[in-house]
Engineer: 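Handing you a structure now.
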Amino acid sequence: MIAELGAHTSKTYYVDEDFETVTFVLPVPIVMAAARSLPELDALTMAYNAVQQGAAASDMGRQHLPVDARRR
């Protein structure tokens, strides 16, 4: 529906199961939104999986990585 209203992209949360279905049915690029703070490797793995399953990009702010990872 969002694409039918004129959106050029869509931002949605990543889900482990059937995320590729979401990316397949939407006719606009999808940006994966990080929902929670994760350990650095888990956050990067989630972003990688989202892109592998069809997301155009991931959007994670500095709050989504542990404090020690932000200080490097």
Engineer: Tell me the closest heavy-atom pair linking Gln53 and Thr23, and the distance in Å.
Structural biologist: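 Looks like O-OG1, 2.6 Å.
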
Engineer: In chain order, what residues pass the side-chain contact (heavy atoms from CB on, under 4.5 Å) check against Asp18, with sequence neighbours excluded?
Structural biologist: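 Only Glu20, Thr21 meet the side-chain contact (heavy atoms from CB on, under 4.5 Å) criterion with Asp18.
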
Engineer: Distance check, rounded to the nearest 0.5 Å: Asn49 atom CG versus Ser58 atom OG?
Structural biologist: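 So the CG of Asn49 and the OG of Ser58 are separated by 11.0 Å.
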
Engineer: Establish whether Tyr48 and Met46 are linked, either directly or via other cluster members, by ILVMFWY side-chain heavy-atom contacts under 4.5 Å.
Structural biologist: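 Different hydrophobic clusters.
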
Engineer: Identify the heavy atoms of Ala50 and Phe19 that sit nearest to each other, and give their distance.
Structural biologist: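 It is O-CE2, 3.8 Å.
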
Engineer: Check the hydrophobic clustering (I, L, V, M, F, W, Y; side-chain heavy atoms under 4.5 Å; chains of links allowed) and say if Leu38 and Val15 are grouped together.
Structural biologist: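 Hydrophobic grouping puts Leu38 with Val15.
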
Engineer: How long is the span from the CE atom in Met60 to the OH atom in Tyr14, to the nearest 0.5 Å?
Structural biologist: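 It is 11.0 Å, given to the nearest 0.5 Å.
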
Engineer: Please table the atom pairs, donor to acceptor, closer than 3.5 Å between any side-chain atom in residues 25-33 and protein atoms at least two apart or in another chain.
Structural biologist:
none

Engineer: Show me the pairs that pass salt bridge (Lys or Arg N to Asp or Glu O under 4.0 Å) and involve residues 4-17, at least two apart or across chains.
Structural biologist: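 Every salt bridge (Lys or Arg N to Asp or Glu O under 4.0 Å) pair that includes a residue of residues 4-17, provided the two are not neighbours, is Lys11-Asp59.
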
